[in-house]
Trainee: 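Quick one: the structure is below, and I'll ask about it shortly.
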Amino acid sequence: MEFNGLPLHALVVHAAVIFGPVSALAGLLYALVPRWRDRLRWPLVATVAIAFVAIWVAYFSGEDLEEANTYGGPLAALVETHEERANILRLSVTAFAVLSFVAAWWHTRTGPVRHVLSGLVAVSAVLTLVYVYLTGDAGAQIAWYGIEG
């Protein structure tokens, strides 16, 4: 998977690293600041959709990049850590996206439904935010190892 001679993974991770945290922040604000819900509903849906697509494309392009290269020694351990974190990230962003879409669809609900959905959106947003950071950090360590190694 290449774009203009560059590995697609190296390009798409930037969208994942930007839109993952932005959508998580929008999700947290949507869940925790009720008076902003009306204004944040569509930005949340848009940013989480972009984050979802970017993270899944990054995941598949990373798998393709790993299959095309041979990693050994300390680099192999770094790649394995990055891949394990990416597996969790793709699941967390999927849950976050589904919950955000449901919350936006049932936006006018009140009572327990709204509270449960808000709580689930907030938890999945935090999980996504944490794993964007952890996965990105592991990927950066691979990149720096390649420069320094």
Side-chain angles (χ1 to χ4, degrees), residues 1-4 6-37 39-105 107 114-149:
M1 291 185 180
E2 291 184 357
F3 180 79
N4 202 25
L6 292 172
L8 181 61
H9 188 72
L11 300 172
V12 77
V13 296
H14 293 89
V17 168
I18 296 295
F19 284 98
V22 168
S23 66
L25 179 60
L28 285 170
L29 291 172
Y30 178 88
L32 301 175
V33 185
R35 69 177 190 265
W36 290 2
R37 279 197 186 118
R39 283 181 243 144
L40 286 173
R41 181 169 74 166
W42 296 118
L44 171 61
V45 167
T47 58
V48 79
I50 294 168
F52 172 81
V53 170
I55 288 169
W56 274 91
V57 171
Y59 175 79
F60 285 124
S61 63
E63 288 286 309
D64 187 62
L65 186 61
E66 182 189 21
E67 289 174 10
N69 293 285
T70 305
Y71 302 102
L75 189 56
L78 291 173
V79 170
E80 185 176 332
T81 299
H82 181 60
E83 186 176 18
E84 288 170 1
R85 292 175 179 174
N87 279 326
I88 296 170
L89 174 58
R90 72 186 172 113
L91 298 175
S92 72
V93 77
T94 299
F96 177 42
V98 168
L99 290 165
S100 296
F101 297 156
V102 169
W105 183 265
H107 180 70
R114 175 177 261 181
H115 295 300
V116 169
L117 274 175
S118 293
L120 291 172
V121 166
V123 168
S124 62
V126 168
L127 187 63
T128 297
L129 184 61
V130 167
Y131 272 92
V132 165
Y133 172 78
L134 292 174
T135 304
D137 180 63
Q141 288 181 31
I142 293 167
W144 280 109
Y145 182 85
I147 291 171
E148 294 175 352

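Since the structure is predicted, the reported quantities are computational estimates derived from the model, not experimental observations.
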Trainee: What are the two closest heavy atoms between Ala58 and Val13, and how far apart are they?
Mentor: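 Closest heavy-atom pair between Ala58 and Val13: CB-CG1, 4.1 Å.
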Trainee: Using modelled atom types only, decide if a donor and an acceptor are shared between the side chain of Arg37 and the backbone of Ala31 within a distance under 3.5 Å.
Mentor: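 Between the backbone of Ala31 and the side chain of Arg37 there is a qualifying donor-acceptor contact (under 3.5 Å).
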Trainee: Determine, stepwise, if the pair Glu83 / Glu63 fulfils side-chain contact (heavy atoms from CB on, under 4.5 Å).
Mentor: CA-CA 8 Å; Glu83 186 176 18; Glu63 288 286 309; 2.6 Å; yes
Trainee: Please report the closest heavy-atom contact between Leu28 and Ala125, naming both atoms and the distance.
Mentor: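 Closest pair (atom of Leu28, atom of Ala125, distance): CG-CB, 4.1 Å.
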Trainee: For Phe101, does the CZ atom sit with more than 12 other heavy atoms under 6.0 Å from it, leaving out its own atoms?
Mentor: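 Buried by this count: over 12 neighbours within 6.0 Å.
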Trainee: What are the two closest heavy atoms between Ala16 and Ala54, and how far apart are they?
Mentor: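 Shortest heavy-atom contact: N-CB, 3.7 Å.
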Trainee: In terms of the angle between their ring planes, are Trp56 and Tyr59 parallel, tilted or perpendicular, with boundaries placed at 30° and 60°?
Mentor: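 The arrangement is perpendicular - the two ring planes meet at more than 60°.
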Trainee: What's the shortest heavy-atom distance between Thr47 and Ala26, and which atoms?
Mentor: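 For Thr47 and Ala26, the tightest heavy-atom pair comes out as OG1-CB, 4.2 Å.
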Trainee: Going from CG on Leu89 to OG1 on Thr135, what distance comes out if it is rounded to the nearest 0.5 angstrom?
Mentor: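 Spacing of CG (Leu89) from OG1 (Thr135) equals 4.5 Å.
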Trainee: Between CD1 of Ile18 and OG of Ser23, what distance do you get to the nearest 0.5 Å?
Mentor: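 Reported value, rounded in 0.5 Å steps: 11.5 Å.
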Trainee: Would you mind reporting whether Asp64 and His9 have side-chain heavy atoms less than 4.5 Å apart?
Mentor: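 Of all side-chain heavy-atom pairs linking Asp64 with His9, none is under 4.5 Å.
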Trainee: If only side-chain N and O atoms count, and only distance matters, is there a donor-acceptor pair under 3.5 Å linking Asp137 with Gln141?
Mentor: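 Yes, a side-chain donor-acceptor pair sits under 3.5 Å.
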Trainee: Assess the side chains of Tyr30 and His107: does a donor N or O sit below 3.5 Å from an acceptor N or O?
Mentor: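 Present: a donor and an acceptor within the cut-off.
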Trainee: State, with a plain yes or no, whether a side-chain heavy atom of Leu29 is found less than 4.5 Å away from one of Leu25.
Mentor: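 They are in side-chain contact.
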Trainee: Quick one: closest heavy-atom pair of Ala103 and Val121, and the distance?
Mentor: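 Minimum heavy-atom separation between Ala103 and Val121: CB-CG2, 4.0 Å.
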Trainee: Carefully, step by step, assess Phe96 and Leu44 under the rule side-chain contact (heavy atoms from CB on, under 4.5 Å).
Mentor: CA-CA 11 Å; Phe96 177 42; Leu44 171 61; 4.0 Å; yes
Trainee: Going from CZ on Phe60 to CG on Leu8, what distance comes out if it is rounded to the nearest 0.5 angstrom?
Mentor: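 These two atoms lie 12.5 Å from each other.
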Trainee: Less than 4.5 Å apart, side chain to side chain, heavy atoms only: is that true for Thr94 and Ile55?
Mentor: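 The answer is no; the side chains never approach within 4.5 Å.
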Trainee: Identify the heavy atoms of His82 and Ala138 that sit nearest to each other, and give their distance.
Mentor: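 It is CA-CB, 3.7 Å.
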Trainee: Out of curiosity, Leu99 CG to Thr128 OG1, how far, rounded to the nearest 0.5 Å?
Mentor: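 Going from CG on Leu99 over to OG1 on Thr128, the span is 9.5 Å.
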Trainee: Roughly how far, to the nearest 0.5 Å, is the CZ atom of Phe19 from the NE2 atom of His14?
Mentor: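 The CZ atom of Phe19 is 13.5 Å from NE2 of His14, to the nearest 0.5 Å.
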